[in-house]
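I have placed the structure first, in the form of structure tokens, so that the comments after it can refer back to it.
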Amino acid sequence: MQLTNTLTMKKEELVPHQPGVIKMYTCGPTVYSYAHIGNLRSYLMEDVLEKALRYEGFQVDRAMNITDVGHLTSDADTGEDKMLKGARREHKSVLELAAFYTNAFFADCEKLNIRRPDTVVPATGCIGDFIQLVSALLDKGFAYQAGGNVYFDTSKLTDYYVFGNQNAEDLAVGVREGVELDGNKRNKTDFVLWFTKSKFEDQELKWESPWGLGYPGWHIECSAISIKNLGEYLDIHCGGIDNAFPHHTNEIAQSEAYLGHPWCKYWFHVLHLNDGGGKISKSKGAKLTVSLLEEKGYNPLVYRLFCLQSHYRKPLVFSFDSLDNAASAYHKLTARVAALAKDGEPDQEAAKPWQEKFQASLANDLNTSLALTALYDMLKSDLSDATKRFLVGDFDRVLSLDLLQAAEKQNAQEPQVPEELAREIEALIEKRAQARKAKDWAAADAIRDELAARHVVLKDTPAGVQWHIEG
RNA sequence: GGUGACAUAGCCAAGCGGUAAGGCAAAGGUCUGCAAAACCUUCAUUCCCCGGUUCAAAUCCGGGUGUCACCUCCA
């Protein structure tokens, strides 16, 4: 497996610290609101990565945090905890809010066939670990106390900017509106490890610590949770590209300062989903959630296919036109799978080259677009239907588009219709057949239109009329 | 202002020095009373622009232009 490593910006062969086992960490959601489909693009592509690694035969140990405390709207004095803000808005306690949106997040993931990581840990469940890590950083001289908070001292590092070639002089603090300088910081890039600031008195969740009653900074949780659950050597750290700086940069700073050796070798960043103007999270108007897609009549897996057609390292522009495009492609694809005969035994030998082709596509920096091409080419090939069905199921271990299940559903759609309705439809079809016999095309077409209005699609075949209900 | 990425047909998109995959849409055909569905066929002499390296460049180098992102909300 070759992946583009953000640390080097090059495609590198993935060599895990422990042969055959991949330790993979994912920055989880801050559960203060519903995830939008841009957030979910990252989790979706990380899911594909995990499954592609398993397909290659790796064992994958994966952990993810749930940020339910400490993620401020800003790191400076004016910062407000996102969870607290959300709780106020919805008249819930912070923990109720977290539980609600954690469930909503995983419900969305399930609809997109995103596998839940083996280990999912809420930040509030690991406060002791954070305190231990912060204490160690203070002991080692990588942290200092000021104004009631504990800060990480970035000047103690020889190379703080691991992603790209930035330097402190050029770092413009406060370019963004609402961001203010924190006078307690010795260096512009220092960041908070533990807050006790009185400004946050209304913070609901606080814990005792050696530095007073307070709560952890945002960056510390990922380091602590990752090290605790996956060990001192991490193979792949995933997340959206916006997290590269400062979140991941800070994670590396504190983790390596704490461990005293290199921590994570490969950084896997998913680029953003944009709309015409810019990234989705900045869009105005209705928030693009999975539920919204469903309300508009899209199968969430259509969005999965849409993402798979593109590459994780490229910005992807979302539009409903493009989604319609994917919906059409999804429908055609499943119809094709549904048409495959079910009897016969797959020919494992003949299947092998196709599996290799599919795997090679994924091994090439997770080129899902090429992997889909392998699927299309395979369906076009002269393999037996049984072998094709076998390969569709095999590929779907990674693609997770429910290709066989959707095909099943298409085949089984008729019996799902209530008997009464079915009789009614059959009667109309019979009436249309009479009209057609009498060459009364106007009447026949009127019946077809009526059925179409009720989402009944007719299919005239030499063997007779077939029908199914769409949507 | 600094940093980074990207630019390929109507749209999405692959391509990683050897002569432009795939999907959607569209057009023509088979089938049909007409449709729909299905199947067959067609669809980039050219890859943002200008130079350079090379026998050979969408691919490498230099310079432009444009788009997007990051620089303490974000996935």
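Proteins get letters first, then strands, A, B, ... in listed order; numbering begins at 1 in each.
Distance, D365(A) CG to rC6(B) P: 11 Å, rounded to whole Å. Distance, R313(A) CZ to rC12(B) C1': 20 Å, rounded to whole Å. For L370(A) and rG22(B), the CG to P distance is 12 Å, given to the nearest whole Å. The distance from atom CG of L362(A) to atom P of rA14(B) is 14 Å, rounded to the nearest whole Å. F318(A) has its CZ atom 18 Å from the P atom of rA75(B), to the nearest Å. For the pair H248(A) NE2 and rA75(B) P, the interatomic distance rounds to 11 Å; values are reported in whole Å. Atoms NZ (K357(A)) and C1' (rG15(B)) sit 14 Å apart, rounded to a whole Å. Going from atom CZ of R41(A) over to atom C1' of rA69(B) covers 13 Å, rounded to whole Å.
Figure legend. rC16(B) is base-paired to no nucleotide; pairs are counted as Watson-Crick or G-U wobble with both atom distances under 3.5 Å. The base-pairing partner of rC24(B), taking Watson-Crick or G-U wobble contacts with both distances under 3.5 Å, is rG10(B). Nucleotide rU53(B) is matched to nothing when pairs are restricted to Watson-Crick or G-U wobble geometry with both distances under 3.5 angstrom.
A gap of 11 Å separates the C1' atoms of rA25(B) and rC12(B), to the nearest Å. Atom P of rC11(B) sits at a distance of 25 Å from the matching atom of rA38(B), rounded to the whole Å. Atom name P, nucleotides rA37(B) and rG51(B): the rounded distance is 48 Å, in whole Å. Between rA44(B) and rA58(B), the two C1' atoms lie 12 Å apart (nearest whole Å). Across rG28(B) and rG66(B), the matching P atoms stand 41 Å from one another, rounded to whole Å.
Of the listed nucleotides (rA36(B), rG33(B), rA69(B)), rA69(B) has the atom at the smallest distance from the side chain of H272(A). Of the listed nucleotides (rA13(B), rA14(B), rA75(B)), rA13(B) has the atom at the smallest distance from the side chain of L316(A). Of all nucleotides listed (rG22(B), rA36(B), rA75(B)), rG22(B) comes nearest to the side chain of Y376(A). Looking at the side chain of Y43(A), the nearest of the listed nucleotides rC16(B), rA75(B), rG33(B) is rA75(B). When the nucleotides rA75(B), rC34(B), rG23(B) are ranked by their closest atom to the side chain of L273(A), rA75(B) comes out on top. The side chain of N364(A) approaches rG15(B) more closely than any other nucleotide in the set rA5(B), rA69(B), rG15(B). For N325(A), the side-chain atoms get nearest to rC11(B) when compared with the rest of rA13(B), rC71(B), rC11(B). Across rA14(B), rG22(B), rC71(B), the shortest atom-to-atom separation from the side chain of S369(A) is found for rA14(B).
Looking at residues two or more places apart in sequence or on another chain, you find a side-chain hydrogen bond (donor to acceptor under 3.5 Å, both in side chains) between R62(A) and T26(A), E50(A).
Taking 4.0 angstrom as the limit, K314(A) places a side-chain polar atom (N or O) nearer than this to OP1 or OP2 of rA7(B). Phosphate contact (OP1/OP2 of rG23(B), side-chain N/O of K380(A), threshold under 4.0 Å): present. Between S328(A) and rA25(B) there is a side-chain N or O to OP1 or OP2 distance below 4.0 Å. Regarding contacts with the backbone of rG15(B), a side-chain N or O of N367(A) is found under 4.0 angstrom from either OP1 or OP2.
For Y32(A) and D68(A), the side-chain atoms include no donor-acceptor pair closer than 3.5 Å.
Remark: R389(A) does not engage D385(A) in a salt bridge, criterion side-chain N to carboxylate O under 4.0 Å. Taking a cutoff of 4.0 Å between a charged side-chain nitrogen and a carboxylate oxygen, D47(A) and R116(A) do not qualify as a salt bridge.
Where A329(A) and G28(A) meet RNA chain B, the nucleotide closest to each residue was compared, and A329(A) sits on the side nearer the 5' end.
At a cut-off of 3.5 angstrom, counting only N and O atoms as typed in the model, there is a donor on one side and an acceptor on the other between the side-chain of R448(A) and the base of rA35(B). Below the 3.5 angstrom threshold, one finds no donor paired with an acceptor across the side chain of D377(A) and the base of rG23(B). Side-chain atoms of K11(A) come within donor-acceptor range of the base of rC16(B), with a qualifying N/O pair under 3.5 Å.
With rounding to the nearest 0.5 Å, the separation of OH in Y43(A) from CZ in F106(A) is 9.0 Å.
Between F395(A) and F358(A), the angle of the ring planes stays under 30°, which puts this pair in the parallel group of the 30/60° scheme.
Residue contacts shown for L372(A) are absent, as no nucleic acid heavy atom lies under 4.0 Å away. Within the nucleic acid shown, N243(A) comes within 4.0 Å of sugar-phosphate atoms alone, with no base atom in reach, counting heavy atoms only. The residue H247(A) sits apart from the nucleic acid: no heavy atom pair falls under 4.0 Å. At a threshold of 4.0 angstrom between heavy atoms, the contacts of K439(A) with the nucleic acid are absent.
Panel note: side chain K459(A), backbone W467(A); no donor-acceptor pair is recorded below 3.5 Å.
Stacking of K296(A) on the aromatic ring of F320(A) is recorded, both the 6.0 Å distance cut-off and the 45° axial limit being met.
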